[in-house]
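To start, the structure itself, in structure tokens.
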2 protein chains.
Amino acid sequence: MLSLREIRGDEPTAFTDGCPTRVVLDHVTSKWGVLVLAALAEGTLRWGELRRTVDGISEKMLAATLRTFVADGLVVRDAQATIPPRVDYSLTPLGRDLVEAMSPLLGWIAAHADAIVND
Amino acid sequence: MLSLREIRGDEPTAFTDGCPTRVVLDHVTSKWGVLVLAALAEGTLRWGELRRTVDGISEKMLAATLRTFVADGLVVRDAQATIPPRVDYSLTPLGRDLVEAMSPLLGWIAAHADAIVND
DNA sequence: CGGGATCCGCGTAGATACTG
DNA sequence: CAGTATCTACGCGGATCCCG
């Protein structure tokens, strides 16, 4: 298995408070971060589709989560000045790369969730 | 890239509120969950070592996070009735499996954190 | 040393209502 | 449709005290 020492070398890491790595980790593992990113992995989604896909998220948290990821350069927001308004969200290349790195974790959880919860 | 449809099939998923998958995802992506699991990837650690490794965690949150993972069957707690007391924490086989699934994500974040924070 | 129990304050999530 | 504004509630963290 890949050891932490190999992952991090000798630099400050996510284990160090205030390290940039910790900041990014907090964004990604924020309450709705993983689900929003995973939802966008399937392709571009509109605000309303995103809200329906990520079941249970409030509008406030969806807006906040998306704003964070747009600022991080992981998500693109495309607002069209039509009536009614239409706003599309999609992953940037960087965002797609991140979701690929997340997919083993998502797969593992999907496969083992029942065993963990039902013990 | 692996699509969500492939990951989840047609079952209820982490996207569905109340699904077991969502519960496990919440545990793992809880504020300190990833860091505690990653710390234990290196091997068995004592309470104090864990507290020092995961910089910034409070004793209360460390205890709560560990209790959750022990209940989930991801972490083993080994308390020895010596004076002074010694309590070791380590990953179960299931926990080790999970950390392996997490390692691409941790590696990606370590590699890209600076680029994201400094934009 | 390794916790558990409790109280308390603050920030952030959530629900609801309103707007362009 | 796609948000923002406002209010409330709870999770998280700090501090303290205690115990085996």
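Protein chains get the first letters and strands the later ones, always in sequence-line order, with residue 1 at the start of each.
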- What residues in residues 75-86 of chain A put a non-hydrogen atom under 4.0 Å from any atom of DNA chain D? Arg77(A), Pro84(A), Pro85(A), Arg86(A)
- What's the CG-P distance between Leu35(A) and dA13(C), to the nearest Å? 14 Å
- Item | Derivation of the side chain to side chain contact (heavy atoms under 4.5 Å, CB included) call for Asp72(A) and Phe69(A) | CA-CA 5 Å; Asp72(A) 286 345; Phe69(A) 287 143; 4.3 Å; yes
- Item | Separation of dG2(C) P from Tyr89(B) OH (nearest whole Å) | 9 Å
- Query: Separation of Glu49(B) atom CD from dC1(C) atom P, in whole Å?
  - Reply: 12 Å
- Query: Within the structure shown, what part of the strands sits under 4.0 Å from Arg46(A) by heavy-atom distance: base, sugar-phosphate, or nothing?
  - Reply: sugar-phosphate
- Do Leu37(B) and Val75(B) come within less than 4.5 Å of each other through their side chains, counting heavy atoms only? yes
- Distance from Leu105(B) atom CG to Leu25(A) atom CG, nearest 0.5 Å? 7.0 Å
- To the nearest Å, how far apart are Leu62(A) CG and dG3(D) P? 8 Å
- Which letters describe nucleotides 4-19 of chain D, given B = protein heavy atom under 4.0 Å from base, S = only from sugar-phosphate, - = neither? B-------SBB-----
- Query: Can you tell if the side chain of Thr21(B) reaches within under 4.5 Å of the side chain of Thr16(B), non-hydrogen atoms only?
  - Reply: no
- Could you grab the distance from atom OG1 of Thr92(A) to atom CG of Leu98(A), nearest 0.5 Å is fine? 9.0 Å
- Message: Listing request: all salt bridge (Lys or Arg N to Asp or Glu O under 4.0 Å) pairs with a residue in residues 43-68 of chain B, at least two apart in sequence or in separate chains.
- Response: Arg51(B)-Glu59(B)
- Heavy-atom distance under 4.5 Å between the side chains of Val54(B) and Thr65(B), does that happen here? no
- Query: Can you list the steps and then say if Met102(B) with Val34(B) is a side chain to side chain contact (heavy atoms under 4.5 Å, CB included)?
  - Reply: CA-CA 8 Å; Met102(B) 281 175 20; Val34(B) 171; 3.9 Å; yes
- Task: State, yes or no, whether a side-chain contact exists between His27(B) and Ile116(A) at a heavy-atom distance under 4.5 Å.
- Result: no
- Task: With sequence neighbours excluded, tell me which residues meet ring pair (Phe, Tyr, Trp, His ring centres under 6.0 Å) with His112(A).
- Result: Trp108(A)
- Rounded distance in Å - CG (Leu66(B)) to P (dG2(C)): 12 Å
Show me the donor-acceptor pairs, under 3.5 Å and distance only, between side chains in residues 79-87 of chain B and residues at least two apart or in other chains.
unit_1: Gln80(B); atom_1: NE2; unit_2: Asp88(B); atom_2: OD2; d: 3.2
unit_1: Thr82(B); atom_1: OG1; unit_2: Pro84(B); atom_2: O; d: 2.9
unit_1: Arg86(B); atom_1: NE; unit_2: Asp88(B); atom_2: OD1; d: 3.4
unit_1: Arg86(B); atom_1: NE; unit_2: Asp88(B); atom_2: OD2; d: 3.3

- At what angle, to 10 degrees, do the two end axes of the helix from dC1(C)-dG20(D) to dG20(C)-dC1(D) meet, given five pairs define each axis? 50°
